[in-house]
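Here's the structure we're looking at; comments come further down.
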Amino acid sequence: MLAHLLLIIIVPGTWTVLEALPPLPTGPHALHIFLSLAFQNFTMVDILAWSVLDDIVLAALRKYTWEIIYLQPWVYPSLSVAEWEYLQDLFKIYVHNFILLLNRDAEKYHEPYPFVYQSMTGCDLYPNGSYTKFYRLGYNGQDLITFDVDKGLWEKQSRENVATRIEMDFNSFTGFSATLQELLNFTCVDHMKKFILVGKEDLQRQVKPMAVVFARVPGPVNLLLVCHVTGFYPRPVRVDWLRDGQEVPPGPELNSTLTLPNADLTYQLHSFLAVAPHDGHSYACRVQHSSLGGRSLLVPWVPERPKTQHIMWIFIVIILITVVAIAGARWWRRRRN
Ligand SMILES: *[C@@H]1O[C@H](CO)[C@@H](O)[C@H](O)[C@H]1NC(C)=O
Ligand SMILES: *[C@@H]1O[C@H](CO)[C@@H](O)[C@H](O)[C@H]1NC(C)=O
Ligand SMILES: *[C@@H]1O[C@H](CO)[C@@H](O)[C@H](O)[C@H]1NC(C)=O
Ligand SMILES: *[C@@H]1O[C@H](CO)[C@@H](O)[C@H](O)[C@H]1NC(C)=O
């Protein structure tokens, strides 16, 4: 925030009103559940489970008791007590049976411990109202099987024997498949909509980006301008470069990192523009973000004055002083003799 203010104060005209910016698309929403089962041996399994709405962690599973921990104040009130109890019971049964089945398989087929199963499931809701749903199970970091929600069938994703076996096992639990179908077909989207409604203040949080522009000199004939944009929320952002006020079109001289998370649930991004030194153009970085209310953040690049001139003058002065001192000392010595 401070750097943000500094920018406005130090660089007058940083804020410009751009006429009729297209509104940034309101992001789709996603409710995903992650489960990790790390089997140390037949009796020892480390379990981690958590649930995420967009980029906010809603809930996790308490170790050993497998009780749900609510990680946002609005999560528990979003659903009824009965709905939470149902989910809690379902989860306990499901994790318990998973461990039994996977241990039995490992024992029977002499799969070596330790190994890890990871599952990811959930639904994605699009602005047009349609949604998709999925369930994926992985083994030691490789895709193993996925669930075709519409057909209610498990399909292997690997040629390993373990994939064939687990696919067969899961397809024999028709009760589990039917429950999962209903959960993914209806419950997931229904609950997601309730969470979105109750958590909208956190989800619609708007945090303004701050931006700085500086140059890197990767070689004698090129200059890389860097625009570092950080501290913004939500994630969608648009960063462009302006050359003499005109948007630089996409091309090989443009490059950007992905939008990466900061530790405080904001995001950051670096955008690069390769230019020739002293090309006589002016450059600025333009940031568009929903928090800016239709305005954009414009940060001009201010080339540093070449330092070599200063250094040359300092050299000349030092040499002059030395010459004068030596001459003075000689003159003084000659007078004394
Ligand atoms: C299983 O692993 C845990 C922790 O690594 C260890 O304490 C325990 O003795 C092991 N049990 C068996 C039966 O090997
Ligand atoms: C809704 O949007 C999604 C994602 O953009 C797209 O895949 C889907 O086809 C759209 N559905 C309809 C009915 O327009
Ligand atoms: C889930 O929805 C699909 C269509 O999208 C339908 O074919 C299937 O029968 C539904 N399953 C359940 C369990 O409701
Ligand atoms: C773009 O940036 C990436 C990562 O910083 C780098 O690996 C890649 O070489 C860059 N591409 C160009 C064309 O500069």
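Starting from 1, each residue takes its place in the sequence as its number. Because the structure is a prediction, the values reported are computed rather than measured. Remember, it's 1-based here, ligands and their atoms both numbered in the order they're listed.
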### Message
Using a 3.5 Å cut-off on N or O atoms only, is N41 in polar contact with ligand 1?
### Response
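Between N41 and ligand 1 (N or O atoms, distance only) the closest approach is under 3.5 Å.
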#### Entry: L269 with V248, same ILVMFWY side-chain cluster at under 4.5 Å
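They do share one cluster, since a chain of ILVMFWY contacts under 4.5 Å joins L269 to V248.
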### Task
Could you check if a side-chain atom of L184 sits within less than 4.5 angstrom of a side-chain atom of C123, using non-hydrogen atoms only?
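Side chain of L184 against side chain of C123, heavy atoms only: no contact under 4.5 Å found.
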### Query
Does a side-chain heavy-atom distance below 4.5 Å link W241 with V275?
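W241 vs V275: side chains apart.
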### Task
With heavy atoms of S130 as the reference, note each atom of ligand 2 found under 4.0 Å away.
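In order of numbering, the contacting atoms are 1 (C), 10 (C), 11 (N).
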For [atom], closest protein heavy-atom neighbour:
{"atom": "atom 8 (C) of ligand 2", "value": "N128 ND2, 3.9 Å"}
{"atom": "atom 4 (C) of ligand 2", "value": "Y126 CD2, 3.6 Å"}
{"atom": "atom 5 (O) of ligand 1", "value": "Q40 CB, 4.4 Å"}

#### Entry: Sub-4.0 Å atoms of ligand 1 with respect to non-hydrogen atoms of T43
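Taking each heavy atom of T43 in turn, ligand 1 has 11 (N), 13 (C) under 4.0 Å.
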### Message
Side chains of Y233 and D202 only: does a donor on one sit below 3.5 Å from an acceptor on the other?
### Response
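No, because no side-chain N or O of Y233 sits under 3.5 Å from a partner of the opposite role on D202.
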### Message
Here's a test for you: under side-chain contact (heavy atoms from CB on, under 4.5 Å), which of I93, L87, V95 qualifies with F91?
### Response
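Looking at I93, L87, V95, the match for F91 under the side-chain contact (heavy atoms from CB on, under 4.5 Å) is V95.
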### Query
Hey, is atom 14 (O) of ligand 1 touched by any protein heavy atom at less than 4.0 Å?
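Yes, there is a protein heavy atom closer to it than 4.0 Å.
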### Message
In the complex you have, is atom 11 (N) of ligand 2 within reach of the protein, judged by whether a heavy-atom distance drops under 4.0 Å?
### Response
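It does: a protein heavy atom is found less than 4.0 Å away from atom 11 (N) of ligand 2.
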### Query
Parallel, tilted or perpendicular: which describes the rings of W301 and Y283, with under 30° parallel and over 60° perpendicular?
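Rings of W301 and Y283: tilted, 30 to 60°.
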